[in-house]
Amino acid sequence: MKFGTKAIHAGVHPDPSTGAIMTPIFQTSTYVQRSPGDNKGYEYSRTHNPTRTQLQDALAALDNGKHGLAFASGMAAIDCIVKLLQPGDEVISTNDLYGGSYRLFTKVYATYGIKFHFVPMHDMTAVEAAVTERTKLIWVETPTNPLLNVIDIAAASAVAKKAGALLVVDNTFSTPYLQTPLALGADMVMYSLTKYMAGHSDTVMGAVVVNDDQLHERLSFFQNACGGTPGPQDCFLVLRGLKTLHIRMQRHCENGRKVAEYLKSHPKVGKVYWPGFSDHPNHEVAAKQMNDFGGMISFVLKGDVKDDAIAVLEKFQLFSLAESLGGVESLSGHPATMTHASIPAEERRKAGLSDSLIRLSVGIEDAEDLIEDLKQAIG
Ligand code: P1T
């Protein structure tokens with residue numbers, strides 16, 4: 001089955017009791033049992049809920065994976081994955097990543113004795129150099145948030161296999177429409193469903209997709225034991241969003257290209273970060289592992305002055321200044337003070353994240369209007 005057909009049909013089925021074509025919202029905490037242990041497969045909604053089951057099956061199908069697990073947020077999904085580790089274990093992570101992931105790693109799990117190495121992963125020799133006999137997890141985010149570096153998933157998988165470590169890909173920026181990491185050797189694919197997958201900026205959720213049965217069993221145990229599960233209404237919203245994922249992503253990519261090219265041609269704009277440019281340092285890897293280049297773009301103005309960037313952000317009319325990304329509407333952000341403020345300034349500088357960087361999530365409006373907005377804001 002091709003991607004668009006799967007986005008609409010995979011994992012979901014009409015309700016057997018009524019024929020309702022859309023998955024019902026099973027707004028219930030518990031399920032009546034005939035006799036202790038004699039139930040219809042559902043006992044308590046933290047453990048299983050039929051709306052969540054259909055979403056999890058749909059997510060697994062889109063990534064060509066065997067098992068999907070849904071969480072109350074992207075951070076809850078990441079938290080569940082890190083719980084696979086023990087004190088003394090080591091993680092190699094990209095040094096350019098969502099600030100909340102960095103905060104969870106360094107402010108929570110480092111205090112439990114897990115060691116994190118942050119390296120520029122688009123250079124695979126840096127990853128190899130960080131491997132020790134204690135390396136248990138390699139954390140890839142690609143393209144990265146916010147600098148749009150692209151990490152070679154197949155090459156990272158080779159390093160992980162040699163090290164005996166698990167490979168995770170945070171696929172939030174790409175979605176399975178653009179790349180399917182399990183097929184490239186990843187053990188786990190992780191999502192902030194809040195973004196492109198749900199697509200309408202109306203819910204916060206996360207997910208993990210895996211092939212391996214044992215890994216699925218361990219993650220399901222933590223999902224239930226720790227309880228970071230989503231409610232059925234949120235699952236319904238993501239299921240509805242998924243049905244248009246392919247159409248939305250197509251338009252995000254088309255508009256992304258137009259906006260990136262406009263910015264690149266603008267005399268006041270300095271560097272533009274977008275993996276679709278043939279001179280992007282990781283363009284070849286992006287072209288190899290992605291079906292298109294996405295709608296996330298970052299840029300700096302010439303002169304690299306923070307106040308100039310703030311002035312542009314304040315002038316936007318359509319690119320609303322807000323955290324998050326991946327909704328139908330365009331958003332703008334200032335990573336240094338917003339999404340990445342939890343990364344110390346010195347670490348941001350080392351990763352190449354300037355205080356004047358502007359991040360755009362290009363929505364699915366008419367590109368001409370978006371370009372008009374950029375024109376009036378940049379001047
Ligand atoms: O916000 P939440 O659903 O918990 O997901 C966290 C997360 C994980 N991974 C990536 C790559 C992300 O971008 C995010 C959340 N990011 C933002 C809120 C943002 O504006 O970048």
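Start at 1 with the first residue, then count along the sequence. When a ligand or atom number is given, it counts from 1 through the structure's own listing order.
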What is the ring orientation for Phe319 with Phe316, classed by angle as parallel under 30°, tilted 30 to 60°, or perpendicular over 60°?
tilted

Within reach of ligand 1, part of Met296 (heavy-atom separation under 4.0 Å):
neither

Near Met205 (heavy-atom distance under 4.0 Å), the atoms of ligand 1 are 3 (O)

So which heavy atom on Val210 is nearest to which on Val208, and how close?
CG1-CG1, 4.1 Å

Any N or O of Glu141 closer than 3.5 Å to N or O of ligand 1:
no

Any N or O of Met75 that comes nearer than 3.5 Å to an N or O of ligand 1?
yes

Report yes if Ser324 has an N/O atom closer than 3.5 Å to an N/O atom of ligand 1; otherwise report no.
yes

Top protein contact for atom 19 (C) of ligand 1, by heavy-atom distance:
Thr339 CG2, 3.3 Å

Ignoring hydrogens, what is the shortest heavy-atom contact between Met190 and Val168? Give both atom names and the distance.
CB-CG1, 4.2 Å

What I'd like to find out is whether the side chain of Gln250 reaches to under 4.5 Å of the side chain of Tyr177, using heavy atoms alone.
yes

Can you confirm if the aromatic rings of Trp139 and Phe105 lie within a centre distance of less than 6.0 Å?
yes

Given Phe71 and Gln223, is the side-chain contact (heavy atoms from CB on, under 4.5 Å) satisfied, shown in steps?
CA-CA 8 Å; Phe71 294 89; Gln223 184 194 33; 3.7 Å; yes

Distance from atom 14 (C) of ligand 1 to nearest protein heavy atom, with residue and atom:
Tyr98 CD2, 3.4 Å

Tell me the protein heavy atom at minimum distance from atom 13 (O) of ligand 1, and give that distance in Å.
Asn145 ND2, 3.0 Å

Under 6.0 Å between ring centres, would you say that holds for Tyr102 and Phe118?
yes

Taking only heavy atoms of Thr172, which atoms of ligand 1 are found under 4.0 Å from at least one of them?
9 (N), 10 (C), 11 (C)

Got an N/O contact under 3.5 Å between Gly74 and ligand 1?
yes

Would you call His340 a ligand 1 contact, heavy-atom distance under 4.0 Å?
no

Side chain or backbone, does Arg359 bring an N or O within less than 3.5 Å of an N or O on ligand 1?
yes

Among all protein heavy atoms, pick out the one at the shortest distance from atom 3 (O) of ligand 1; state its residue, atom name and that distance to 0.1 Å.
Thr194 OG1, 2.6 Å

Could you label the plane-to-plane angle of the His48 and Tyr42 rings as parallel, tilted or perpendicular, counting under 30° as parallel and over 60° as perpendicular?
perpendicular

Heavy-atom contacts with Asp170 under 4.0 Å: which atoms of ligand 1 show up? List them by number with element.
8 (C), 9 (N), 10 (C), 11 (C)

Asp89 and Lys115, any side-chain heavy atoms less than 4.5 Å apart
no

Starting from atom 1 (O) of ligand 1, find the nearest protein heavy-atom neighbour and note its residue, name and distance.
Lys195 NZ, 3.5 Å

Between His252 and Tyr196, does the ring centre distance come in under 6.0 Å?
yes

